Amino acid sequence: MENVFNQSLWGDEGFSAILSMKSLPEIISIISRDTSPPLWNIWEWVVFNTLGTDEIYIRGLAFTFFLGTVFFAYKIGSFLFSKKTGLFAAIFTFLNPFFFIYAFEGRMYSIMSLGVAASMYYFLRIFYNEEIIRKRDKVGYVFFTLWALYSHHFAFFAVAIQGLWWLYELAFGKRVRAKKMFKLFLITAAGYVPWLYPLYTQTKMVSGGFWLGTPTTNDLKNLIYEYLAEGVKNENLKLPILNMPLYHVSLYLVLITAVLRKWWKSIKKTILLLLWFFGPILLTWFISQHFQSIFFNRYLLYTIPAAMLVLVSSRSKLSIVSLTILIIFFGIIDYQYFTHPVKLPFREMANYVKEVKTEEDFLINWYSNGTHHIWETKYYGIPAPIYVPPEGGDLPFFVGTALMEEGDIIREIPETVESVGVVTSGPIEEINLPGYKQETLKEFGGLKFVRYVSNLVD
């Protein structure tokens with residue numbers, strides 16, 4: 001049965017997979033010219049060289065890190081509140097629809113979330129463990145904070161929240177522990193020094209132009225709603241009688257639970273968790289308003305465990321009812337998503353192309369508005385360069401130019417080619433190949449394979 005574990009890879013996943021098939025030195029060299037640190041690709045390289053390169057191994061790796069995040073949500077809930085709260089936090093983190101989507105993505109989302117959750121856990125233990133500060137808590141903090149930072153730059157916003165809380169403790173709270181925490185900050189910073197220059201070069205590339213527009217207040221609201229309950233917008237799953245989409249009802253249940261929560265119980269812990277949730281979101285939104293736009297939802301999903309911890313802690317008797325119903329609804333939404341893959345069926349298309357392709361066929365990827373599928377076609381064994389007409393200009397770096405090799409982009413079709421196979425997910429009306437006429441069209445969901453023949457061929 002096809003599910004999210006074995007569904008086809010999509011663009012960014014394909015990029016990561018092709019990169020991770022190279023040697024470790026090549027991986028470090030190439031990714032230092034892209035937009036993220038190398039930790040995910042290093043782990044993916046390990047999996048590729050031990051288990052294989054199939055989709056299930058890629059998604060299994062991401063899911064393993066996701067489960068690690070769930071584990072630390074449990075540990076934080078147990079440490080701050082109780083084991084029962086920890087269990088609730090783990091369940092809701094696991095079932096949160098938005099987080100559930102990216103639990104299976106072959107990218108750095110879940111590995112970064114694991115690093116942030118673990119870093120937060122050890123940060124909290126260092127300040128609030130009533131016993132002496134344990135050596136394993138110090139080591140755990142440095143290790144997992146570096147893990148998060150080497151997973152993606154957006155982890156900096158989580159560390160910034162820790163720094164803000166550290167200032168509070170230094171000024172008004174546990175000053176002795178805050179001074180010891182400062183030493184751990186310095187050790188962590190020293191551990192990140194090797195990536196400072198690549199970070200500088202990557203920052204210069206991003207400042208040169210990104211594809212994200214300035215987010216509105218409505219975008220901010222929608223992102224928060226997605227993180228809380230509306231991560232999977234399935235209009236076909238509706239609550240009977242009310243005829244309302246389940247994701248809408250789930251959001252209302254979250255809001256009801258928040259109203260019923262005992263907010264003044266453990267208020268200091270609640271404020272810290274709210275900072276963890278809202279802080280990175282608001283920081284990136286503010287930066288996007290006044291500087292370079294970086295407001296991008298999936299890179300901030302490490303804040304979701306904090307929201308779930310707030311939701312399930314300091315419960316009232318009535319909130320238990322809404323939480324129980326919410327578990328059921330989240331479970332239904334996630335099961336539907338798990339068993340009904342939504343990604344474009346590149347594997348199916350690749351199998352078809354391998355069957356019908358002749359030696360004379362010349363395959364290309366049609367480039368349209370920042371979209372191409374060169375990484376998917378490479379991964380599935382039907383390599384096809386990106387066709388960009390001479391007047392098309394250079395491709396922006398965010399389409400994966402750091403990984404592109406000679407021959408991955410062509411400006412003209414060789415004169416001797418009599419038939420061209422075009423891979424695209426855009427409208428076929430955009431395809432313009434002077435001297436060629438469409439012969440066949442095969443669609444795979446939103447994915448298309450179009451064969452063109454020379455006008456000179458009868």
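Quick note: numbers below take in every heavy atom, side chains included, and nothing from hydrogens, waters or symmetry partners. Note that the structure is predicted; figures quoted are calculated from it, not measured.
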Going by distance alone, is a donor N or O of one side chain under 3.5 Å from an acceptor N or O of the other, for [X] and [Y]?
| X | Y | value |
| --- | --- | --- |
| Thr85 | Ser82 | yes |
| Gln162 | Ser119 | yes |
| His153 | Ser36 | no |
| Ser16 | Glu13 | no |
| Asn365 | Thr424 | no |
| Thr145 | Thr188 | no |
| Glu169 | Tyr128 | yes |
| Thr339 | Asn3 | no |
| Asn96 | Thr93 | no |

Would you find a donor on one side and an acceptor on the other, under 3.5 Å apart, between the side chain of Arg125 and the backbone of Asp137? no
Would you call the rings of [X] and [Y] parallel, tilted or perpendicular if under 30° counts as parallel and over 60° as perpendicular?
| X | Y | answer |
| --- | --- | --- |
| Phe100 | Phe104 | perpendicular |
| Phe72 | Tyr121 | tilted |
| His372 | Trp375 | perpendicular |

Minimum heavy-atom distance [X]-[Y], with the two atoms named:
| X | Y | value |
| --- | --- | --- |
| Leu309 | Ser313 | O-OG, 2.8 Å |
| Asp12 | Arg107 | O-CD, 3.3 Å |
| Ala117 | Ile76 | O-CD1, 3.6 Å |
| Leu9 | Glu376 | O-CG, 3.8 Å |

Do Lys138's NZ or CZ and the ring of Tyr122 fall within the cation-pi criteria of under 6.0 Å and 45°? no
Residue pairs passing the ring-ring contact (aromatic ring centres under 6.0 Å, His included) test with at least one member in residues 245-279, sequence neighbours excluded, are none
Please test Asn218 against Lys221 for side-chain contact (heavy atoms from CB on, under 4.5 Å), starting from the C-alpha separation and ending with a verdict. CA-CA 5 Å; Asn218 196 53; Lys221 179 196 71 174; 3.1 Å; yes
Give the C-alpha distance, both sets of side-chain angles, the deciding distance and a yes or no for side-chain contact (heavy atoms from CB on, under 4.5 Å) between Leu246 and Asn234. CA-CA 8 Å; Leu246 217 53; Asn234 189 333; over 6 Å; no
